[in-house]
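We count residues from 1, following the sequence as given. Indexing begins at 1, ligand by ligand and atom by atom, following the structure's order.
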Amino acid sequence: MQIAPSLLSADFLHLEDDLRMVNDSADILHLDVMDGSFVPNISFGFAVLDQLSKVVTVPMDAHLMVVEPQRWFERIAADGIGMCSFHYEAARENTGEYIDRIHALGMKAGVVINPDIPVEVLYDYIGKADFLLLMSVFAGFGGQSFIPESVGRVKALKAEIVRRGADTLIEIDGGIGPDNAATVRKAGVDIAVAGSSVFKAEDPKAMVELLRKA
Ligand code: DX5
Ligand code: ZN
């Protein structure tokens with residue numbers, strides 16, 4: 001399982017140190033972009049994103065928790081970010097079109113849903129999106145507890161991906177740590193986002209390693 005530490009939980013007063021830790025230990029850097037409208041929180045924007053490629057050597061994954069995500073695809077691509085996901089709840093009938101727009105910009109495209117959206121809405125994008133992101137907490141804040149029902153949702157999505165013979169990856173985001181990493185991997189997760197479990201660990205590198213081998 002690939003591990004994607006979430007920048008949201010990093011130490012913004014010493015960001016470069018945390019980015020180097022991610023370079024040295026992790027597979028992907030996960031970037032939570034929040035606008036205060038789609039979610040009741042604001043994280044960071046292009047003042048931060050524009051700088052990251054100077055230091056970050058692992059692939060970057062922008063998780064757009066914003067209304068009208070399509071307004072930002074070009075700037076995300078220009079920042080050297082290779083994976084871009086947006087919420088189905090923000091895109092609805094435009095989801096297929098947005099996937100195409102992200103692909104046209106040379107990025108991998110992901111579709112995200114919150115825990116209260118039926119997992120079946122993602123089935124239309126199997127084989128079209130490169131990855132499907134199941135939130136295992138409600139988007140908006142780091143440090144929330146994993147919602148156990150997420151495991152069944154992963155299993156259902158994985159079964160449908162296998163049934164269709166597709167290579168679409170499953171990402172999970174929210175409350176992932178040593179207690180549930182093996183469970184979600186066995187259920188079919190390919191990429192696990194981990195914010196507080198990694199950055200609040202005494203030894204973040206060792207925690208990434210532990211989660212990856214779970
Ligand atoms: C929540 C974000 C997550 C968050 C994960 O809205 O999408 O990526 O940073 O943080 P933890 O791992 O602490 O739940
Ligand atoms: Zn996220």
Please answer: with hydrophobic residues joined when any side-chain heavy atoms are less than 4.5 Å apart, are I42 and F46 in the same cluster?
-> no

List the steps and the verdict of side chain to side chain contact (heavy atoms under 4.5 Å, CB included) for I113 and M135.
-> CA-CA 6 Å; I113 55 171; M135 292 306 301; over 6 Å; no

Among side-chain atoms of [X] and [Y], is any donor-acceptor pair under 3.5 angstrom?
X   : Y    : answer
E89 : N114 : yes
D32 : H30  : yes
D11 : H14  : yes
T57 : N23  : yes

Atom pairs, nitrogen or oxygen, ligand 1 to protein, under 3.5 angstrom:
unit_1   : atom_1 : unit_2 : atom_2 : d
ligand 1 : 6 (O)  : G140   : N      : 2.7
ligand 1 : 7 (O)  : D32    : OD1    : 2.9
ligand 1 : 7 (O)  : H63    : ND1    : 3.2
ligand 1 : 7 (O)  : D173   : OD2    : 2.9
ligand 1 : 8 (O)  : H30    : NE2    : 3.4
ligand 1 : 8 (O)  : D32    : OD1    : 3.1
ligand 1 : 8 (O)  : D32    : OD2    : 2.8
ligand 1 : 8 (O)  : D173   : OD1    : 2.6
ligand 1 : 8 (O)  : D173   : OD2    : 3.0
ligand 1 : 9 (O)  : S6     : OG     : 2.9
ligand 1 : 9 (O)  : D32    : OD2    : 2.9
ligand 1 : 12 (O) : G195   : N      : 2.8
ligand 1 : 13 (O) : G143   : N      : 2.8
ligand 1 : 13 (O) : S196   : N      : 2.9
ligand 1 : 13 (O) : S196   : OG     : 2.5
ligand 1 : 14 (O) : G175   : N      : 2.8

Protein N/O/S count near the Zn ion (ligand 2) (criterion: distance under 2.8 Å) | 4

Which residues pass the side-chain contact (heavy atoms from CB on, under 4.5 Å) test with A166, sequence neighbours left out?
->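 A166 satisfies side-chain contact (heavy atoms from CB on, under 4.5 Å) with I126, I161, T168 only.
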
Tell me, please, which residues at least two apart from E160 pass salt bridge (charged side-chain N to carboxylate O under 4.0 Å, His left out).
->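 Partners of E160 by the salt bridge (charged side-chain N to carboxylate O under 4.0 Å, His left out) criterion, ordered by chain and then number, come out as R163, R164.
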
Start with the C-alpha distance between M83 and I191, add both sets of side-chain angles, then the distance that settles side chain to side chain contact (heavy atoms under 4.5 Å, CB included), and finish with yes or no.
-> CA-CA 12 Å; M83 300 167 68; I191 303 166; 4.0 Å; yes

